[in-house]
Each structure stands twice: as structure tokens, then as C-alpha cells.
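Heads up: the structure comes next, in C-alpha cells.
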Amino acid sequence: MMNQELSQIFNSMANYLEIENSSFRSKAYRKVAEVLETLDKSVEEIEDLESIPGVGKNIAEKIEEYLKTGIIKDYENLKKKTPIKLEEIIAVEGMGVKRAKILYKELKIKNLKDLEKAAFKNKIAGLDGFGEKSQKNILEGIEFLKRSSGRLTLGKITPVVEEIIKKLSRLKEVEKISPAGSFRRKKETVGDIDILVVSKKPKEVMAFFVGMKNVVKIWGQGETKSSVRVKEGIDVDLRIVPSESYGSALQYFTGSKEHNIITRKIAISKGLKLNEYGVFRDSKKIAGETEEDVYKAIGLDWIPPELRESDLDLSKIPKVVEIKDIKGDLHCHSNWNGGSDSIEDIVKKAVKLGYEYIGISDHTKFLAIENGLDEKQLLKQKKEIEKLNKKSLIKILWGCEANILTDGSIDILDEVLAQMDYVIAGVHSALKIDKERMTARIIKAMRNPNVDIISHPSGRILGHRDEYQFDFDKILKVAKETGTVLEINSSPYRLDLKDSNIKKAIKAGVKMIINTDAHQTSQLDLMHFGISQARRGGAEKSDIINTYSLSKLLKNLK
DNA sequence: GCCGTTTTCGGCCCGACTGTTTTCAGTCG
């Protein structure tokens, strides 16, 4: 929390400093803002502030000042000196701090409202450096800002990306195509869509791209780069390069920005230059056709996109889990409760996916709204599964997704739970209880010798519901102690555990399982989202128990 | 303002597109 507050302040200070042409000081503040945003430890707990990357003597003092007094004097002075709501104004596409300063100087524009009014009254066109088009773009930018909801979830974006790629792929001028950017890195939310194309006829491809039916605004159109807004409410950037630069362009366009800066610095340190067209020694190109070549040329192994974030330790890149490693899915709902398909259908689909085992885990009785099963129904289901197992090609495991009640007890009798192949337990009610009670509640469930797996451990729904208050470090400790497995839920609206918690779990030696939480057989295909999430957390095959064979899996359950 | 496998001083990623200009600053990723 404190980290986020400070991150915002330093970012804002960076904006003010940029106005004053203190560009390197500004960069220093910007960097610290970025570091703080992803730091997994609160600055309040960090003894030596200068051990934080990018923090030196000066910024350390400012952090201390903020912790002590709640303000940073220098920041207050910057705001006083230039009383503009910079963040508000530069959020408008095409507006930066330099232009904001001009508008303040000439028209006393301090915030978004002033800006809109001035543009509407035709006062901006004609100013030094501004014309009719700038003014029009400002008005349109504000309009979009009002309507857009910021970053969209991976689940919402995926079909949009797939559709655009499908359309572009059909063009004969398109030789190769790949998504890039945060979508390729599989971030849980995506700010815009980046697509890379190889073509010898970029003009034709660009013309098609900006002319697509769902394009509502063209921000820019060039031979190698175009940018549009689509009606789904997100910007799409298309970049076109020649075949010999595909690898370096993909590397550059995939990011992250911080990863690019790091790789380019490594290139410089080896007397090379890295840009989207290749790796160069002097003016001679030595790599660029594939990403593997590019990384090799600067002395690195290829890095999976999901890992290309600012905190990656280049000295030990994990061998992350792949979808082909997955041998089964243990979180599937059948039509015995809220799901829509029969156990047989689920098994059929699992066979198709090449799984070795499949687990049926229906909701239990507390969740009346999902037709949760009671003990009697569960035992009946056991018989059904035994029957199906006799003729099944793969092993069907009998489980359930039981409810962790407010006091930490489970809504199904232990003598029934004990008979099951495995038990998932999850919090589905009383989500707003305080941190201490929620933590104790989950810990009590983990101490139940019949509970093997905790489903969607944080309870978040992306874009709708925050995670509930709980102490994840304590949960990890007890998970390790009791051998309880934590779920990585593949639903693109959950992706729970989140990447930073996966990292913590690995560090703590806690095992995880990637499940789909499918309520219909088609959702068994969502596994790839969970895989990407696990990869973002740096999980290897050995960290994920459903990469294990059936016998090894069972040994890793209580 | 920070940082160090040539450095405690002198660097700090790199290029495309737009709108405004007549060669480029500003913005973006």
C-alpha cells in the first residue's frame, strides 16, 4: 500500500521534473516509481532503503520523510511551482508534459476540465506548436478517456486478439504474424494490443488494418507502424517488419519496456547495438531473424515471454512449466451440481486432451445456489465414478470442492471427506471478514487432514472484486507444514494465485496445482491461462503437482 | 538522481509517427 502511494508520488515528481527539462533526474524518479510498484516487500519493512534498485541517498531520504511526516516537501514545492494536474492532462492521448506546460503558460489550463473547455472554445489551435488537428485530437482523446475503462482483463482481450489475427492471417501479403506486448507476456490485464507482422507489402496490410470494421479511430498510420482504437474499447498497434528482422522486432515489441532496456544495455556492454531491426556490431547486422538468435547474440538463452519483466534474475532463468507437462485437471464441475455437462462428457474431453487422470470436484451443500451436494449425494456419486472407472481409458478421481465456513470448518463430514480421492476446499462466503479471522479460517481448513487443495486462494475476480484480506505469508507457512497444495485457478477472470504469490509459494517450497474450475467441458481448454500464469510466477514442472504421474500425484496429496 | 566487468565522473535504450514546421520537437511504446 505504502509502496503504491510512493510510486505514484515519484512518478508525479518525474513528470514535474520533465517539465523543467531535468530529464535524467526525471528518469531516476520514474525508475524508482516502477521498482516500487512491483516490489513485493513494503518499504516500511525494509531496513536499508538504498538496497532498493534505483534508490540512492536522496530518494531514500524522501521515502523516510514520507514515512515519518506523510509528505515530501520537494514534491509539495514542485506542485506549488507548477500547479497543473499533470497526470490528468497527460492521460489524454497525444498530450505530454511539454505541451501541458505550454497550455498552462498560455491559457492557464490546470486540469482536464480546463483543457476540454479551451479546446471546445477553439482557443488551442493557433498556439505555438498547436494546430487544428491537435485541438481536434485533444477533444477526441478526452471523449475516449471518458468512455474507456483502462486496462482490460486477459479473458476479455483474448477473443479480440484472436479475431484480428485471424483476419490479418487471411491476407496473402502477411507472411508471419504474432501477438506481442503484454498480451504475449500474458499479463492478467492488458492496456493495449500489439501485433507484429512480416510482409513485403506493408502498405496493403496497413490499409486493411486501419480499414477493419471494428476500427473506430485511427491514431496513426505509417508504413511500419499503425495504431487504432477498436470498438471493444482498446487500442491496437500493428508493426510490420521485413522477415530478416522478425526475431528482433518480436523481442522488442514483446517488452516489457524494462526488459528491453536491460537487454539493450547488455548489448551495449558487449559493444553491440540492439533495436527492433537486429543486433548490430558497428553497422553490421549479426542477428535478428529469430528471437533465439537475438538473445544468443547478446549472450543469453531465449527467455519465455511471461518472464520478461523488470524483476527477472537473468543469472537463473527457470525452466518454466509447459502445457504439455499437464497430466490432468482436478477442478471440474459436472451436472451433478452447477456444471452443465455429465461426468462422462468431462472424461471424454479429458481423454481428448491426452490426460492421464481427471478429477470431479463438485460444489458441496453449503453452496445451495450451485446445487451443492450433501454427503448422501457425494456417496452416490462415488458409486457412479467407480462404475465409470471400470470402462474408462483414464483414471477418474472422486473429489469435491467443499466450502470453508466462516469458522474454518468444512461443510462436509470428515468421515465422507476421508473416503474421497482428494478434497479441494475454498472460501465462497463471508468474503469481507477481517484479515485475522480470514487467515485463521483458511489455516484451520489447511490443518484438516482431509483437505488437500485450497481453491482460488485469494478470492479475487479481476475487474470486479478485490482479493479478500488475508495474510498470505502465514498461509504459506502452514501450507508447507501441512503439505496443503495451493491452486492456480486458470479462469482468466481469477488467475488466482497471482504471479507474485506464485513466486512466494515457490520460495516457500509450497506445491501448487493448475486447475481450470471448468463448469462445462469446453472450459477444460482454459488450462493455458493457468499455465501462463504459473510461468509468469516462474513455476517449474516440479512445483506443479498435476504434471506428476497418477501415482506420484496421489503421494503428494494427504 | 543513480550507478559501476573500461567509470566515484560521465553517462543514462532506441526508433516511428504526427503535426507542426521547412528540419524538428513532442509523444509514444
Side-chain angles (χ1 to χ4, degrees), chain A residues 10 13-35 49-63 74 89-103 124-138 141 180-183 185 190-196 202 206 210 218-228 235-241 245 248-249 251-280 298-299 315:
Chain A
F10 287 142
M13 288 181 81
N15 288 335
Y16 285 113
L17 291 167
E18 214 176 310
I19 284 195
E20 303 189 339
N21 288 320
S22 276
S23 79
F24 291 120
R25 269 176 81 205
S26 165
K27 268 188 186 147
Y29 280 94
R30 187 94 58 204
K31 190 190 170 189
V32 174
E34 277 160 10
V35 169
L49 290 170
E50 287 186 47
S51 68
I52 303 170
V55 175
K57 185 165 170 290
N58 203 300
I59 290 184
E61 276 171 12
K62 290 192 168 58
I63 295 176
D74 278 2
I89 292 178
I90 64 176
V92 179
E93 177 88 15
M95 284 297 298
V97 293
K98 297 280 167 62
R99 307 184 96 196
K101 189 187 181 183
I102 295 171
L103 292 179
I124 291 177
L127 291 178
D128 232 15
F130 291 87
E132 287 290 340
K133 272 215 158 142
S134 308
Q135 182 169 275
K136 187 163 162 268
N137 279 337
I138 286 171
S182 54
F183 179 81
R185 302 200 309 280
V190 175
D192 62 8
I193 297 170
D194 302 304
I195 295 172
L196 178 68
M206 285 304 184
V210 302
I218 301 169
W219 295 116
Q221 181 182 3
E223 287 238 346
T224 69
K225 191 177 162 182
S226 292
S227 181
V228 302
D235 290 346
V236 187
D237 292 350
L238 177 64
R239 193 80 194 240
I240 303 181
V241 295
S245 294
S248 42
Q251 197 276 332
Y252 151 73
F253 214 23
T254 297
S256 64
K257 195 173 152 218
E258 294 78 16
H259 180 73
N260 286 352
I261 291 172
I262 291 164
T263 47
R264 286 173 178 195
K265 278 183 178 164
I266 291 173
I268 291 169
S269 75
K270 295 186 189 299
L272 305 168
K273 184 174 79 169
L274 168 60
N275 61 28
E276 57 262 55
Y277 298 107
V279 183
F280 299 85
I298 61 169
S315 68

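Here is the naming used below: chain letters follow the sequence lines, and residue numbers restart at 1 for every chain.
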Strand-adjacent residues in [range], judged by heavy atoms under 4.0 Å from DNA chain B:
{"range": "residues 22-32 of chain A", "result": "A:Phe24, A:Arg25, A:Lys27, A:Ala28, A:Tyr29"}
{"range": "residues 264-271 of chain A", "result": "A:Arg264, A:Lys265, A:Ile268"}
{"range": "residues 219-228 of chain A", "result": "A:Gly220, A:Gln221, A:Gly222, A:Glu223, A:Thr224, A:Lys225"}

Looking only at atom [atom1], what distance separates [N] and [M], rounded to whole Å?
{"N": "B:dT8", "M": "B:dC3", "atom1": "P", "result": "16 Å"}
{"N": "B:dG26", "M": "B:dT21", "atom1": "C1'", "result": "13 Å"}
{"N": "B:dG29", "M": "B:dC13", "atom1": "C1'", "result": "12 Å"}
{"N": "B:dT7", "M": "B:dC2", "atom1": "C1'", "result": "13 Å"}
{"N": "B:dT23", "M": "B:dC9", "atom1": "C1'", "result": "34 Å"}
{"N": "B:dT6", "M": "B:dC12", "atom1": "P", "result": "15 Å"}
{"N": "B:dT20", "M": "B:dT27", "atom1": "C1'", "result": "13 Å"}

Whole-Å distance separating the [atom1] atom of [X] from the [atom2] atom of [N]:
{"X": "A:Asp194", "N": "B:dA16", "atom1": "CG", "atom2": "C1'", "value": "14 Å"}
{"X": "A:Met206", "N": "B:dA16", "atom1": "CE", "atom2": "P", "value": "12 Å"}
{"X": "A:Glu258", "N": "B:dC14", "atom1": "CD", "atom2": "P", "value": "16 Å"}
{"X": "A:Glu20", "N": "B:dG1", "atom1": "CD", "atom2": "P", "value": "11 Å"}
{"X": "A:Asn275", "N": "B:dC14", "atom1": "CG", "atom2": "C1'", "value": "7 Å"}
{"X": "A:Arg239", "N": "B:dG15", "atom1": "CZ", "atom2": "P", "value": "11 Å"}
{"X": "A:Leu196", "N": "B:dA16", "atom1": "CG", "atom2": "P", "value": "14 Å"}
{"X": "A:Lys273", "N": "B:dC12", "atom1": "NZ", "atom2": "P", "value": "13 Å"}

[X]: what forms a side-chain contact (heavy atoms from CB on, under 4.5 Å) with it, not counting sequence neighbours?
{"X": "A:Ser23", "answer": "none"}
{"X": "A:Lys270", "answer": "A:Ile266, A:Leu272"}
{"X": "A:Ser134", "answer": "A:Arg99, A:Phe130"}
{"X": "A:Ser51", "answer": "A:Ile46, A:Asp48"}

Do [X] and [Y] have side chains that approach each other closer than 4.5 Å (heavy atoms only, starting at C-beta)?
{"X": "A:Ile193", "Y": "A:Phe183", "answer": "no"}
{"X": "A:Thr224", "Y": "A:Arg239", "answer": "yes"}
{"X": "A:Arg185", "Y": "A:His259", "answer": "no"}

Next item on the list: Taking ring pair (Phe, Tyr, Trp, His ring centres under 6.0 Å) as the test, write out the residues that go with A:Phe10, two or more places apart.
Entry: A:Tyr29
Margin query: Can you build the contact string for nucleotides 20-27 of chain B? Use B for base contact, S for sugar-phosphate-only contact, and - for no protein heavy atom under 4.0 Å.
Written below: S-----SS
Please name all residues satisfying salt bridge (charged side-chain N to carboxylate O under 4.0 Å, His left out) with [X], sequence neighbours left out, ordered by chain then number.
{"X": "A:Asp237", "value": "none"}
{"X": "A:Glu61", "value": "A:Lys57"}
{"X": "A:Arg25", "value": "none"}

Margin query: So, does A:Asn137 get its side chain near the phosphate of B:dG19, meaning an N or O under 4.0 Å from OP1 or OP2?
Written below: yes
Notebook entry, point to check: For A:Asn260 and B:dC13, is the shortest distance between a side-chain N/O and OP1 or OP2 below 4.0 Å?
Noted result: no
Margin query: Assuming nearest nucleotide by heavy-atom distance, tell me which of A:Tyr252 and A:Lys257 is located more 5' along DNA chain B.
Written below: A:Lys257
Just by modelled atom types, is the [Y] backbone N or O under 3.5 Å from a matching donor or acceptor in the [X] side chain?
{"X": "A:Gln135", "Y": "A:Ala125", "answer": "yes"}
{"X": "A:Asn275", "Y": "A:Gly278", "answer": "yes"}
{"X": "A:Glu276", "Y": "A:Tyr252", "answer": "no"}

Note to self: Is there a side chain to side chain contact (heavy atoms under 4.5 Å, CB included) between A:Arg30 and A:Asn15? Walk through the geometry before answering.
What the structure shows: CA-CA 8 Å; A:Arg30 187 94 58 204; A:Asn15 288 335; 2.8 Å; yes
Notebook entry, point to check: Considering every strand shown, what is the Watson-Crick or G-U wobble mate of B:dT8 when both distances are under 3.5 Å?
Noted result: none
Next item on the list: Assign A:Ile262 to base, sugar-phosphate, or nothing according to its heavy-atom contacts below 4.0 angstrom with the strands shown.
Entry: nothing
